[in-house]
2 protein chains.
Amino acid sequence: MHLSISEENYIKAIFHLQEADGTVSTNQLAANIHTKPASVTDMLKKLTAKRLLLYKPYQGVRLSSEGRKLALEIVRKHRLWESFLVDKLQFGWDEVHEVAEELEHISSKKLVDKLDQFLGNPKFDPHGDPIPDSNGVMHAIRQVNLLDLKPHTKAEVCSVGSQSPELLELLKHKQILIGTRLEVQHKFEFDHSLEIQVEGKGKINISQQLAQALFVKII
Amino acid sequence: MHLSISEENYIKAIFHLQEADGTVSTNQLAANIHTKPASVTDMLKKLTAKRLLLYKPYQGVRLSSEGRKLALEIVRKHRLWESFLVDKLQFGWDEVHEVAEELEHISSKKLVDKLDQFLGNPKFDPHGDPIPDSNGVMHAIRQVNLLDLKPHTKAEVCSVGSQSPELLELLKHKQILIGTRLEVQHKFEFDHSLEIQVEGKGKINISQQLAQALFVKII
DNA sequence: AAAAATATTTAGATTTGTCTAAAAATATTT
DNA sequence: AAATATTTTTAGACAAATCTAAATATTTTT
Ligand SMILES: [Mn+2]
Ligand SMILES: [Mn+2]
Ligand SMILES: [Mn+2]
Ligand SMILES: [Mn+2]
């Protein structure tokens, strides 16, 4: 099954969007992929004909098992390349997403597996997201949104909810990285902001919007 | 100047073909790029409009200085990725060309320069071809075709004239690599074949066709 | 249960890169 | 210098991926 770069981008977007809702709407997909709904409908028909999607007109779309398998291959490549860029080429973790968006479409299976090996078979990418293995098995880590973390519980930042440059800039400024250890001190009802104790640093305040974008694992 | 993958492939092909003749014909290009002459004419017009080519209908084409600059960037990426695959990922030097054909189109300038640095700024790729630096400067090595090597002169294989799998298979079988040292013992007038003394090995025979595909530097 | 609003699909056009077949230009042979 | 062969360009078609505008289906509000 050979897919074009566009087709791969659609498959990957559906994969990510359906994590949340189970099923993905035409408009959601159009917004995510920066195209118009009419274009999405065309592509959904094409990918359905290739048996990669389960699609009922007007009723949204999901990946077929074949589609899911392909999506996992693309996600695997994306996250391995991100790891390569950060671990080997000294990119910042906030600079790698765009480049990986291109590299994920390189098709050589051998390349991916050799790269995986070269990197020491990493389990998580620089943003803390899990990397599927060569069989498409991806172990989800137990991670909790920072908003849902119980106060006075030690936890470690393990992923971020978006790769927007604005978010990453803010994290850089607050010196919050993947692996940063912290503990919620207070939750403020008024604006849902948090006071956080960062290990080795002082107390800082985090807005609701920022907390929502941070995922931690309890340690 | 943003180019599509197709446009980049044309620019690169013209670069390689004009090394020999100075000017490149429509048919030559069509054969090289596995497309039809009519398609080539269309693309030549488009790239000429972008000021990357010097093209007179019916009279062949050359790269403009702008086109040459872009070609060198693509060649740089191709050869750096080949070096990466061989040096870091343990690919055989006969397996890398196709993958590099895809990787050469990744656009990040930062990626290329970081990769160059990561590899230790190599001057030659696994086939012995010189790698342009980030300013597009490429130092040609003084290399001689094996057919033109004077008998009883020690030399070292430093590049091959094609990356065809058939050629590379033959070289593997004869245990000839980049860096192999050898000396011509006899030249046979009848079929222009050569008897070669390979350092550390015995004498072997090499056909005219094979000798033509091998370039050596005198040591 | 209508009416209104929203979401989705269809229809028709556009761009890019390719093709085949035919026409025109150039090169080679007689 | 014609005639012939070869090369190159033009003309017209097509598939992929996108768009806008219009039609249709679904959902929400009244
Ligand atoms: Mn992508
Ligand atoms: Mn990531
Ligand atoms: Mn290429
Ligand atoms: Mn090479």
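Reminder, nothing fancy here: chain letters follow the sequence lines and each chain counts from 1.
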| CD1/I131(A) to CG/L80(A) distance, rounded to the nearest 0.5 angstrom? | 5.0 Å
[N] OP1/OP2 closer than 4.0 Å to side-chain N/O of [X]:
| X | N | value |
| --- | --- | --- |
| Y10(A) | dT18(D) | yes |
| S4(B) | dT16(C) | no |
| T41(B) | dT8(D) | no |
| K45(A) | dT10(C) | yes |

| Between T23(A) and Q18(A): side-chain donor-acceptor atoms closer than 3.5 Å | no
| Between dT10(D), dT9(D), dC19(D), which nucleotide has the shortest distance from any of its atoms to the side chain of Y55(B)? | dT9(D)
| Which is true for S6(B) with a 4.0 Å heavy-atom rule: it touches a base, it touches only sugar-phosphate, or it touches nothing? | sugar-phosphate
Between the protein and nucleotides 21-26 of chain D, are there any N/O to N/O pairs under 3.5 Å, and if so, what are the atom names and distances?
| from | atom 1 | to | atom 2 | distance (Å) |
| --- | --- | --- | --- | --- |
| dA25(D) | O4' | Y58(A) | OH | 3.3 |

| request: Assign the ring pair W81(B) / F84(A) to parallel, tilted or perpendicular, where the plane angle (0 to 90°) is split at 30° and 60°. | output: tilted
| query | So which of residues 11-27 of chain B are in contact with DNA chain D, with a heavy-atom cut-off of under 4.0 Å? | reply | S25(B), T26(B), N27(B)
| How does DNA chain D look in dot-bracket notation if pairs are Watson-Crick or G-U with both distances under 3.5 Å, crossing ones as [ ], other-strand ones as |? | ||||||||||||||||||||||||||||||
